[in-house]
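Values below: every heavy atom of this structure, side chains too, minus hydrogens, waters and symmetry copies. Ligands are counted one by one from 1 in listed order, and the atoms in each one are counted from 1 as well.
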Amino acid sequence: MNKSTTAPRSVPVVARTPEELTRLRAGLGRLALVPTMGALHDGHRRLIATAREHADSVMVSVFVNPLQFGPNEDYDRYPRDLDADLAACAEEGVDAVFAPGVEMMYPGEQIVTVNSGQMGQVFEGEFRPGFFEGVLTVVGKLFNLVRPDIAVFGQKDAQQLAVVRRMVRDLCMPVTIVASATVRDQDGLATSSRNAYLSAEERESALALSRALLAGADASVTGPVGILSAARAVLDEAAVAEAPVVVDYLALVDPQTFTEVPGDYRGDAVLAVAARVGRTRLIDNVPLTL
Ligand code: PAF
């Protein structure tokens, strides 16, 4: 995280219970919420900056949501360091942090959940069954608890952004969803808390994801078939690297519905990729206009 350019500021107020949150919320005016699972990096800093453009106050929620992790996923080893997150929030001038415990968010069995429908069962939803149900359920809870006017989500998680937008629309939630552009490290890798798991060799291989997206974007005048084959060529090469890139999916989709676009498509699209490098699963995407 690039800390050198940001001066330290006062530590944000932290709420851990609904009562503390209600008291805090009362003084925050028009509020933008940035939901996170902590391990804050430059991508989150961009979300916070976007949030500040849209509201009087900014709240960051920090909660590693067990409901969105599958049984063989990294819930236990997911990085957790609230002090470091609070320091990052202080540097970014965040007004308040909501950091509930698991018992607060899930006091008993979660019987009622938010179903993401078909759009949450493809791509990420196919490889991570139950993931979007977990995301939507916790985001719905956060919206009910915090009552933000605006909530900011990263374009990096394009399918998550699309299903959250759809939930807000279909369930008439009084919150405006704002998207924030993907932040990349200098080598092109999209920032993610999971990048910390990569060895140097794996990281080198992982760069194939952003290279593939760039190759696809460069081929955008050729249409969907040309875009996908340009991106696929880069990934095929990376599949035989020392630390191989194992692709889960590469697809060109409609950004609103996450359905694949036909060969003669014209309009906005998202070229999305997911792959595993060693034990780390990475996703990335680039928005395109065809
Ligand atoms: O994108 C994330 O970090 C999580 O999926 C979110 C939106 C905070 C829900 O747990």
Side-chain angles (χ1 to χ4, degrees), residues 1 15 21 32-48 50-51 58-70 73-82 84-85 88-89 92 94 96-102 104-106 110 113-116 119-120 123-125 127-146 148 150-168 171 173 175-183 190-197 258 270 272 274 280-285:
M1 202 173 342
L21 183 64
L33 173 69
V34 179
T36 81
M37 296 205 299
L40 302 184
H41 50 64
D42 285 349
H44 295 112
R45 289 181 189 254
R46 174 75 62 85
L47 299 181
I48 293 165
T50 304
V58 176
M59 178 183 288
V60 170
S61 63
V62 176
F63 179 64
V64 184
N65 173 34
L67 212 63
Q68 70 189 71
F69 287 79
E73 292 189 341
D74 55 346
Y75 176 69
D76 289 332
R77 70 179 181 128
Y78 198 85
R80 292 166 172 84
D81 185 346
L82 187 59
D85 292 339
C89 286
E92 297 306 316
V94 168
V97 170
F98 179 44
V102 179
M104 202 237 97
M105 293 299 279
Y106 297 108
Q110 185 74 28
T113 57
V114 183
N115 184 329
S116 58
M119 98 188 255
F123 304 113
E124 281 310 284
F127 287 90
R128 305 183 67 188
F131 171 69
F132 286 117
E133 194 174 353
V135 168
L136 293 186
T137 301
V138 83
V139 169
K141 282 179 185 244
L142 289 168
F143 287 175
N144 284 336
L145 287 160
V146 174
I150 289 137
V152 183
F153 291 83
Q155 173 63 39
K156 153 97 173 19
D157 298 302
Q159 193 176 0
Q160 171 171 279
L161 175 65
V163 294
V164 167
R165 281 199 155 124
R166 192 68 201 206
M167 171 178 76
V168 164
L171 299 183
M173 292 178 163
V175 54
T176 301
I177 304 301
V178 172
S180 184
T182 301
V183 176
T191 56
S192 162
S193 307
R194 292 190 169 99
N195 291 352
Y197 300 151
F258 256 75
V270 166
T280 308
R281 190 166 181 282
L282 300 167
I283 61 170
D284 198 356
N285 70 83

Fill in: Check: Gln160 N/O within less than 3.5 Å of ligand 1 N/O
yes
Item to complete: Please report which non-hydrogen protein atom sits nearest to atom 9 (C) of ligand 1, along with the residue it belongs to and the distance in Å to one decimal place.
Response: Gln68 OE1, 3.3 Å
Fill in: For Met59, the option from Val94, Val97, Leu21 that meets side-chain contact (heavy atoms from CB on, under 4.5 Å)
Leu21
Practice prompt. May I ask you to check if ligand 1 and Thr36 share an N or O to N or O distance below 3.5 Å?
Written response: no
Worksheet item: Is a side-chain donor-acceptor pair under 3.5 Å present for Gln155 with Asn285?
Response: yes
Worksheet item: Honestly, is Arg166 close enough over Phe132, meaning NZ or CZ under 6.0 Å from the six-membered ring centre and within 45° of the axis?
Response: no
Worksheet item: Have Asn65 and Tyr106 got a donor and an acceptor in their side chains that come within less than 3.5 Å?
Response: yes
Response to the item:
One finds that the ligand 1 atoms under 4.0 Å from a non-hydrogen atom of Val138 are 9 (C), 10 (O)
Worksheet item: Which of the atoms of ligand 1 are close to Pro35, meaning less than 4.0 Å from one of its heavy atoms?
Response: 8 (C)
Worksheet item: Under 6.0 Å from the six-membered ring centre of Tyr197 and within 45° of its axis: does the NZ or CZ of Arg77 meet both?
Response: yes
